There are 2 protein chains.
Amino acid sequence: MAEPYFRRIMADIRARIASGEWPPGHRLPTTVAMRDHYRAAFGSPTLTNSTVRQGVTLLIEAGVLRGQQGQGVFVAD
Amino acid sequence: MAEPYFRRIMADIRARIASGEWPPGHRLPTTVAMRDHYRAAFGSPTLTNSTVRQGVTLLIEAGVLRGQQGQGVFVAD
DNA sequence: GACAATTTGTCCGTATGTATT
DNA sequence: CAATACATACGGACAAATTGT
């Protein structure tokens with residue numbers, strides 16, 4: 001396990017933010033949509049919401065993202 | 001759910017560190033021991049390792065703790 | 001070196017709660 | 001009220017690193 005999935009997810013999200021693809025205030029895809037995306041991207045057909053959440057939670061804690069219940073997860077300012 | 005369990009666990013660990021009870025380099029109790037402790041402390045007989053880990057992981061990410069696989073979790077310097 | 005025991009690390013699957021639309 | 005979407009928690013499985021026998 002070179003890099004665990006949740007870290008690869010964190011890195012991917014950070015990269016999109018750094019590149020400007022996801023600017024501050026941008027709403028990320030839903031948890032389920034990201035799950036499906038990373039399932040395809042990583043070739044891991046069993047990757048779960050839980051793993052996506054693990055990465056997202058750490059980025060929220062780090063202040064990179066902002067979760068708003070019922071609405072979505074956004075790039076912090 | 002005023003404060004979720006994993007946040008209460010984080011707060012408790014931070015408080016022990018701040019008070020000097022757990023100085024830098026101190027080894028924390030094992031995940032299972034902490035699970036049992038917080039089950040009693042919070043009166044939640046079903047609190048799991050996963051929930052303890054969630055709090056510990058966030059504190060590791062924040063640089064407060066340092067996890068060493070096979071050995072233990074320690075207070076960072 | 002081989003092996004088991006211990007402990008942290010990652011991941012899966014499910015259930016339920018809470019907030020917004 | 002219903003649908004959507006994030007938030008927390010449970011419980012189990014297996015992998016990886018360390019230590020001791």
Side-chain angles (χ1 to χ4, degrees), chain A residues 1-13 16-17 22 24-77, chain B residues 1-13 16-17 22 24-77:
Chain A
M1 193 182 302
E3 278 291 274
Y5 288 137
F6 77 91
R7 287 205 184 281
R8 292 174 66 184
I9 291 170
M10 288 173 75
D12 182 72
I13 292 172
R16 287 170 194 269
I17 294 171
W22 290 350
H26 175 83
R27 188 190 131 159
L28 272 63
T30 68
T31 303
V32 172
M34 288 196 279
R35 180 202 65 192
D36 292 339
H37 168 79
Y38 291 117
R39 278 184 176 176
F42 298 157
S44 169
T46 59
L47 189 148
T48 57
N49 295 341
S50 304
T51 301
V52 173
R53 282 289 312 163
Q54 191 176 355
V56 168
T57 299
L58 287 167
L59 288 176
I60 290 173
E61 200 71 9
V64 174
L65 300 177
R66 169 174 52 87
Q68 195 159 347
Q69 204 166 355
Q71 197 169 3
V73 176
F74 302 83
V75 177
D77 302 319
Chain B
M1 193 182 304
E3 279 290 271
Y5 288 137
F6 77 91
R7 288 204 183 281
R8 293 174 65 184
I9 290 170
M10 290 173 73
D12 182 73
I13 293 172
R16 287 169 193 269
I17 294 171
W22 289 350
H26 176 83
R27 190 191 131 159
L28 272 64
T30 69
T31 302
V32 172
M34 287 198 281
R35 179 202 66 193
D36 292 339
H37 168 79
Y38 291 118
R39 279 184 175 176
F42 298 158
S44 169
T46 59
L47 189 148
T48 57
N49 294 341
S50 304
T51 301
V52 173
R53 281 284 317 159
Q54 191 177 355
V56 169
T57 299
L58 288 167
L59 288 177
I60 289 173
E61 200 72 8
V64 175
L65 299 178
R66 170 174 51 86
Q68 195 160 346
Q69 204 165 358
Q71 197 170 1
V73 175
F74 302 82
V75 178
D77 303 319

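Given the structure is predicted, the values throughout are model-derived calculations rather than measurements. Throughout, a chain's letter reflects where its sequence line sits, starting with A, and its residues are numbered from 1.
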What pairs with B:H37 under ring pair (Phe, Tyr, Trp, His ring centres under 6.0 Å), at least two apart in sequence or on another chain?
none

With A:F74, which residues qualify under ring pair (Phe, Tyr, Trp, His ring centres under 6.0 Å), at least two apart?
none

Rounded distance in Å - [atom1] ([X]) to [atom2] ([N]):
X     : N      : atom1 : atom2 : result
A:M10 : C:dT10 : CE    : P     : 11 Å
A:E3  : C:dC11 : CD    : C1'   : 15 Å
A:L59 : D:dC6  : CG    : C1'   : 15 Å
A:R7  : D:dA15 : CZ    : P     : 21 Å
B:I60 : C:dT7  : CD1   : P     : 16 Å
B:E61 : C:dT8  : CD    : P     : 18 Å

side-chain contact (heavy atoms from CB on, under 4.5 Å) between A:T48 and A:T51, worked out:
CA-CA 5 Å; A:T48 57; A:T51 301; 3.5 Å; yes

Which letter, B, S or -, goes with each nucleotide of nucleotides 14-21 of chain C from 5' to 3', with contact meaning a protein heavy atom under 4.0 Å?
B--BBBBS

Closer than 4.0 Å, any side-chain N/O of A:T57 to the OP1 or OP2 of D:dA7?
no

Evaluate side-chain contact (heavy atoms from CB on, under 4.5 Å) for A:F42 paired with A:I9, printing each intermediate quantity in order.
CA-CA 10 Å; A:F42 298 157; A:I9 291 170; 3.7 Å; yes

State which of [options] makes the closest approach to the side chain of [X].
X     : options                : result
B:S44 : D:dC10, C:dT10, D:dC6  : D:dC10
B:R53 : D:dC6, D:dC10, C:dT8   : C:dT8
A:L47 : C:dC12, C:dT10, D:dA9  : C:dC12
A:Q54 : D:dC10, C:dC11, C:dC12 : C:dC11

Scanning all shown strands, the Watson-Crick or wobble mate of D:dC1 with both distances under 3.5 Å is none

Strictly by Watson-Crick or wobble contacts shorter than 3.5 Å, is anything paired with C:dG1, and which nucleotide is it?
none

Need one value for B:V56: base, sugar-phosphate or nothing, where a base atom within 4.0 Å counts as base even if backbone is also close, heavy atoms only.
nothing

Short of 4.0 Å, heavy atom to strand atom, which residues of residues 26-42 of chain A count as contacting DNA chain C?
none

Do B:R16 and B:D12 sit within salt-bridge range, that is, some charged N less than 4.0 Å from a carboxylate O?
yes

Test side chain to side chain contact (heavy atoms under 4.5 Å, CB included) applied to B:T30 - qualifying residues, sequence neighbours left out:
B:R27, B:V32, B:A33

So B:Y5 and B:S44, side-chain contact (heavy atoms from CB on, under 4.5 Å) or not? Walk me through it.
CA-CA 9 Å; B:Y5 288 137; B:S44 169; 3.3 Å; yes

Looking only at non-hydrogen atoms, find the nearest pair between A:R35 and A:L47 and report the distance.
CG-O, 3.3 Å

Between side-chain atoms of residues 53-61 of chain A and protein atoms elsewhere (two or more places apart, or another chain), which donor-acceptor pairs fall under 3.5 Å?
unit_1, atom_1, unit_2, atom_2, d
A:T57, OG1, A:R53, O, 2.7
A:E61, OE1, B:R7, NH2, 3.3
A:E61, OE2, B:R7, NH1, 3.4

